[in-house]
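Read the structure below first, then the notes.
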Number of protein chains: 2
Amino acid sequence: MHRSRITMSEVARAAGVSVSSISNAYNRPEKLSPAVRNRILDVATSLGYVGPDPVARSLRRRRTGGVGVVFTDDLEFAFSDPASSGFLAGVGRELMARSNHLVLLPTGTPDRDRLAELDRAAVDGVILHSLPSRNATLDLLERRGAPAVVVDQPGPVPGLGWVGLDEVAGMRAVGEHLRDLGHRHVGVITSRLSTRPYDGRVGGARRRRSVYDLPRWRIHGLEEGLGRTVTVEERWRVSEDDGARAAAALWSQHPRVTAIACIADTYALGVLRWARERSIEVPHHLTVTGYDDVARAAEVGLTTVAQPFSEKGRAAAGLLLEMVDGVDPRHVVLPTRLHERASSGPPLVR
Amino acid sequence: MHRSRITMSEVARAAGVSVSSISNAYNRPEKLSPAVRNRILDVATSLGYVGPDPVARSLRRRRTGGVGVVFTDDLEFAFSDPASSGFLAGVGRELMARSNHLVLLPTGTPDRDRLAELDRAAVDGVILHSLPSRNATLDLLERRGAPAVVVDQPGPVPGLGWVGLDEVAGMRAVGEHLRDLGHRHVGVITSRLSTRPYDGRVGGARRRRSVYDLPRWRIHGLEEGLGRTVTVEERWRVSEDDGARAAAALWSQHPRVTAIACIADTYALGVLRWARERSIEVPHHLTVTGYDDVARAAEVGLTTVAQPFSEKGRAAAGLLLEMVDGVDPRHVVLPTRLHERASSGPPLVR
DNA sequence: GTGGCGTGGTCAAACGATTTACCAAAGGAT
DNA sequence: ATCCTTTGGTAAATCGTTTGACCACGCCAC
């Protein structure tokens, strides 16, 4: 804690040695005779000195021991959402294991502000999580040359650390699963693809302009998995946070749909609830799949793709710490796994 | 971000002014003529100077703008548990609103280590959350005189900020509710009361020695609410994280119980699941109550007590920032509210 | 007795900013 | 012309450490 009223030189005076020796007592025990070191430590505690001031030390060493994490999403969400909180926990765990600490950076929505806060924070590097892509922040960051790791971004950014999942492969597995089950009309529920709110059908043009890549990648993978060998008549997206409402819309407008693939479990859970209320049997009348494998997914038997949340965090933290130590930026790709559960099955033959 | 290679004096040289003026340009615009200030800012950006180094600034100003939060529980839990994450979010929100940032402090279990980490962190003060009571940390902290706020601790600690809920009143409301419904045999499921693992019946002696106060307070409130006018034959506690298992044990050993009051929603949800599996009708055969009002409680109609998680965080952060500014430590008590829902009803008459 | 080599410490220069005086120049009032 | 104020800016001390260079001393070998 800052504010330690008493300083090294006071301890030095009291112990009758030089400041350097105090410093050595704390930082390089081998440079001091045990006798002197013990005396110093005794004097220190008797004076109530708790050790070198962290700020001064950081200044001198040019190393703070802190890593910043920047979120675009609001904090409430960041902590409660399993994906996000799992990630954070992973970051935290890795950092603490290496005796660094985690700093939560204020997140102003406009890019400029966010970067400003980043410059005001005493950290050795930052981890950027779930940013919109095509992002000014990234460019600026890159130009600056400070250690930074991005997570869940499109392809590796030169000069920055990168950790991502094989999202395409993960969702491809879902697609293949659905195809193999025999589904021919699949609906998709996705989070918003652009920064502007928009509900309803998502055309190709809109999709290509998407600035949020996570959804884009997943949908891409899904379509790959569904494949050409199967004739897929329509693919739909509804950008709506409430899975239930989205499902209702999809269902009423596209009665031929036999499976709904959701880009995240949250939506899928909403769909399941809606189905239950409407007495639509899952998977008999409708197959539902999710993505993320949140805790609740297992409870309700949702077929979904698991991503290793906290592993992702660990990896990001590890990478960043590496970079702080001067290692060149690397990138890491983590695998995902499809959990087939009770919410998916073959479509009704008609 | 630390590491900005270029410094104030370089900007000063380039702009042909003194370092002080650079500082003024950033910190006290009114002390500079607009002309000079703009020139400085221009030169700065053209040089790639991103503003005063946070660490150096902290050293000089004796203020870091960071607030440490210490958790005893493991991070995974800290982020995912709604109570905990809500609290964190509240803290974060308040801090950011006042342009401070949140630092997660590593949490070594032994008290000495924890405090050590605290001394190594560059923060203006700390918030301590859900500590075991009778805690050496508190004494040390108090002695030290650094700004600190404790949350969910027993009565106010002199010299420290304090924010708590009226836990007793909250659980008293549950007790009264159960009493008014006519229950006479109530079971209680609580988290562990001591640091040593122990499952089973919890006697008065063990309870009084409890080092975790939250459970203790709540149980106390519950018993107050149940009151003397009602003859309560037995009160039980099972210290077991799995509500379902706890309920099963309670139920088999105490068939006369008509209501189970849980110290936290987590347990109550487990009990409900167990009841469903065993076809025990709630609230017909069994009344179940929780505490915390997590999101899922509303979904399943669990009668519970809501505590204002994020308000708690806000209050803690606010208090701490106050103290950093030199205000004397205060304490804040936040109210709770009973939500009566479908999981509680009158007992079966026999 | 001289050269070489640890041991155990000290010196003093950074690290990069903030801030309290202090000062020069320019008006303004008398 | 003199004195008093602003206005705009600078000098220099300070914040509390870390660290590379340096030094005194004793010891050993030759």
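Letters A, B, ... mirror the listed sequences (proteins, then strands); counts begin at 1. Worth saying up front: this structure is predicted, and the values here are computed from it rather than measured.
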Without decimals, in angstroms, what is the distance between Asn27(B) CG and dT19(C) C1'?
10 Å
Can you see whether Arg37(B) engages Asn24(B) through a side-chain donor-acceptor pair at a distance of less than 3.5 angstrom?
no
Could you state the atom-to-atom distance from CG of Leu32(B) to P of dT10(D) in whole Å?
8 Å
Out of dA17(C), dT18(C), dG9(D), whichever nucleotide has its closest atom nearest the side chain of Ala56(B):
dA17(C)
Quickly work out the Met8(A) CE to dC15(D) C1' distance and round it to whole Å.
14 Å
Just how far, in rounded Å, is P of dG16(D) from CZ of Arg13(A)?
12 Å
Contact class for Val19(B) vs. all strands (heavy atom < 4.0 Å): base, sugar-phosphate, or nothing?
nothing
Quick one: are the ring centres of Phe309(B) and Phe79(A) less than 6.0 Å apart?
no
In the structure I gave you, are the side-chain heavy atoms of Arg57(A) and Asn27(A) within less than 4.5 Å of one another anywhere?
yes
Between dG9(D), dT10(C), dA17(C), spot the one nearest the side chain of Arg57(B), thanks.
dA17(C)
Would you mind telling me which residue lines up with the more 5' stretch of DNA chain D, Arg60(B) or Pro34(B), judged by nearest nucleotide?
Pro34(B)
Which whole-number value in Å describes the distance from Lys31(B) NZ to dC22(C) C1'?
12 Å
Assign Arg28(A) to base, sugar-phosphate, or nothing according to its heavy-atom contacts below 4.0 angstrom with the strands shown.
base
Does a side-chain N or O from Ser18(B) land closer than 4.0 Å to OP1 or OP2 of dT10(D), or not?
yes
Taking only the side-chain nitrogens and oxygens of Ser23(A), find out if one of them lies under 4.0 Å from OP1 or OP2 of dT18(D).
yes
NZ/NE/NH1/NH2 to OD/OE distance under 4.0 Å, Asp325(A) and Arg63(A)
yes
Arg63(B) CZ to dT18(C) C1', in whole Å, measures 15 Å
Gap between atoms OH and P, on Tyr26(A) and dG16(D) respectively (whole Å):
15 Å
Side-chain atoms of Val36(A) come closest, of dG9(C), dC15(D), dG9(D), to dG9(C)
Closest approach to the side chain of Leu59(B), judged atom by atom: which nucleotide of dG16(C), dT18(C), dT19(D) is it?
dG16(C)
Is it the case that the side chain of Asp124(B) and the backbone of Thr64(B) share a donor-acceptor pair, with hydrogens and angles ignored and the cut-off at 3.5 Å?
yes
When you check the phosphate oxygens OP1 and OP2 of dA17(C), does a side-chain N or O of Tyr49(B) lie under 4.0 Å from one of them?
yes
Ser20(A) near the nucleic acid: base, sugar-phosphate alone, or nothing, with a heavy-atom cut-off under 4.0 Å?
base
Please state how far atom CD in Glu30(A) lies from atom P in dG6(C), giving the value in whole angstrom units.
16 Å
Side chain of Asp53(A) - closest among dT10(D), dG16(D), dT19(C):
dG16(D)
